[in-house]
Amino acid sequence: MPLKSKNILRVASYNIHKGMSPLNQNFVLHGVRHALKALDPDIVFLQEVQGLHHDLAKKIHTWPLDAQHVYLAGDALFSAYGSNAHYLLGHHGNALLSRFPILHRSNHDLTLHRFEQRGLLYCQLDLPHWTQSLHAFCVHLNLRASDRRKQLQLMIRAIAEQVPQDAPLVLAGDFNDWRGEVSQVLQSELGMDEVFQSLHGAHARSFPARMPFFSLDRIYTRGFSIESAEVLQGAPWRSLSDHAPLLATLSLAGAPKV
């Protein structure tokens, strides 16, 4: 679906589980690419993206020649990748796909211990007809609440240092926020609102994909009005990852919608 207005954005966040099916039985990255192409968002925030894996590339005959983020972007989108977890056979991390040019990209290390290597990917996007750049952050936080609290402060500091207070801002990813602590902190520290909480009064349930119960994935914004927010359930999504993707339609605050 193309942009209906230059001030409207379709934004998705998706933990793609390294291109494997929910129980790791099948390689489904080609299905992810097809589903995202049909969805046609303007910006996609991706987690658990396999940048390189020497062993799987040899074993799986349909493994793409390009890194997963490059393959998913294809010829239609720009892409950026931040490798966080490094091991002998390769690495994985966060990625961003964008309909718009990426002016700047950087990756902030949020790793607290060797068991969970995490990061915060930052991209500054050039949107036509906008007076300011869009600042986009993609993140994947730790499982332990005490770790997440530390990472949240590191993340807030990084965002505050790089983004002007009046600039449009989107932060999305897998927050692993089992206790529901993150939203209040981000609203207090950065003035950011979570799209599902703002529109529907509660965070989206997105995990596990076949029967979502836990609210782990989030989309936070500043400088936008939220037009819609939905969890993408059912076919084909339930077979493509252990997480269900989130999709939100945002309109730039204070801008005409036509």
Side-chain angles (χ1 to χ4, degrees), residues 1-15 36 38-47 94 96-100 120-125 127-141 152 155-156 159-160 163-177 180-207 212 214-234 237 243-258:
M1 182 183 297
L3 276 172
K4 294 182 179 180
S5 164
K6 63 185 180 181
N7 298 310
I8 299 290
L9 290 178
R10 283 166 54 84
V11 173
S13 182
Y14 194 17
N15 182 324
L36 287 177
L39 190 64
D40 196 29
D42 300 303
I43 306 169
V44 188
F45 299 78
L46 299 172
Q47 307 85 50
N94 302 315
L96 184 136
L97 312 180
S98 170
R99 189 185 304 278
F100 313 105
L120 174 70
L121 176 64
Y122 166 51
C123 294
Q124 183 180 353
L125 306 180
L127 276 72
H129 310 297
W130 286 32
T131 59
Q132 297 186 81
S133 299
L134 172 62
H135 301 266
F137 291 84
C138 184
V139 72
H140 191 177
L141 297 184
L152 187 57
M155 186 170 60
I156 289 170
I159 294 173
V163 182
Q165 291 186 354
D166 62 341
L169 169 63
V170 179
L171 163 68
D174 181 352
F175 287 79
N176 276 318
D177 185 23
E181 298 176 345
V182 170
S183 293
Q184 184 176 353
V185 177
L186 287 177
Q187 211 295 318
S188 175
E189 297 289 334
L190 294 174
M192 302 193 75
D193 297 311
E194 205 283 320
V195 297
F196 286 85
Q197 193 175 51
S198 297
L199 200 62
H200 304 304
H203 295 126
R205 295 185 178 187
S206 57
F207 182 88
F214 295 104
S215 302
L216 306 184
D217 302 281
R218 310 279 171 79
I219 300 175
Y220 293 92
T221 69
R222 189 176 71 192
F224 290 93
S225 299
I226 298 101
E227 302 297 323
S228 67
E230 60 179 312
V231 183
L232 303 179
Q233 297 178 321
W237 305 105
H243 285 248
L246 308 183
L247 178 67
T249 303
L250 312 174
S251 61
L252 190 63
K257 298 180 183 179
V258 294

Could you grab the distance from atom [atom1] of [X] to atom [atom2] of [Y], nearest 0.5 Å is fine?
X: Leu171; Y: Leu120; atom1: CG; atom2: CG; value: 7.0 Å
X: Leu232; Y: Tyr14; atom1: CG; atom2: OH; value: 8.5 Å
X: Thr131; Y: Leu252; atom1: OG1; atom2: CG; value: 7.5 Å
X: Leu169; Y: Arg222; atom1: CG; atom2: CZ; value: 5.0 Å
X: Ser13; Y: Asp217; atom1: OG; atom2: CG; value: 5.5 Å
X: Leu186; Y: Glu181; atom1: CG; atom2: CD; value: 11.5 Å

Using distance alone, with no hydrogens and no angle criterion, decide if [X] and [Y] have a side-chain donor and acceptor under 3.5 Å apart.
X: His140; Y: Asn94; value: no
X: His135; Y: Tyr122; value: yes
X: Ser183; Y: Glu194; value: no

- request: Decide, yes or no, whether a salt bridge links Arg10 with Asp40 under the criterion of side-chain N to carboxylate O below 4.0 Å.
  value: no
message: Whether Asp42 and Arg99 form a salt bridge (side-chain N of Lys/Arg under 4.0 Å from carboxylate O of Asp/Glu) is what I want to check.
response: yes
query: Between Tyr220 and Phe175, does the ring centre distance come in under 6.0 Å?
result: yes
query: Strictly under 6.0 Å, is that where the ring centroids of Phe207 and His243 end up?
result: yes
Backbone N/O of [Y] and side chain of [X]: donor-acceptor pair under 3.5 Å:
X: Glu189; Y: Leu152; value: no
X: Gln47; Y: Phe45; value: yes
X: Asn176; Y: Leu141; value: yes
X: Trp130; Y: Lys6; value: yes
X: Ser215; Y: Ala204; value: yes

message: If you apply the rule side chain to side chain contact (heavy atoms under 4.5 Å, CB included), what do you find for Phe137 with Ile159, and how did you get there?
response: CA-CA 8 Å; Phe137 291 84; Ile159 294 173; 3.8 Å; yes
- request: For Ser198 and Asp193, run side chain to side chain contact (heavy atoms under 4.5 Å, CB included): C-alpha distance rounded to whole Å, both residues' side-chain angles, the deciding distance at 0.1 Å, then the answer.
  value: CA-CA 7 Å; Ser198 297; Asp193 297 311; 3.4 Å; yes
Please report the closest heavy-atom contact between [X] and [Y], naming both atoms and the distance.
X: Pro41; Y: Leu36; answer: CD-O, 3.4 Å
X: Ile43; Y: Leu9; answer: CD1-CD1, 4.3 Å
X: Ala12; Y: Leu39; answer: CB-CD2, 4.4 Å
X: Gln124; Y: Ser133; answer: NE2-OG, 3.1 Å
X: Ala229; Y: Val195; answer: CB-CG2, 4.1 Å
X: Arg218; Y: Asp177; answer: NH1-OD2, 3.0 Å

- line: With Phe224 as partner, the option from Ile8, Thr249, Leu134 fulfilling side-chain contact (heavy atoms from CB on, under 4.5 Å) is Leu134
- prompt: More than 12 foreign heavy atoms under 6.0 Å from CD of Gln184: is that the case here?
  reply: no
task: Evaluate the side-chain proximity of Leu46 to Leu96: yes if any heavy-atom separation is below 4.5 Å, no if none is.
output: no
- prompt: Given Leu246 and Val231, is the side chain to side chain contact (heavy atoms under 4.5 Å, CB included) satisfied, shown in steps?
  reply: CA-CA 5 Å; Leu246 308 183; Val231 183; 3.9 Å; yes
message: Could you walk me through whether Ile226 and Phe196 satisfy the side chain to side chain contact (heavy atoms under 4.5 Å, CB included) test, starting with their C-alpha distance in whole Å, then the side-chain angles of each, then the deciding distance to 0.1 Å, before giving a yes or no?
response: CA-CA 9 Å; Ile226 298 101; Phe196 286 85; over 6 Å; no
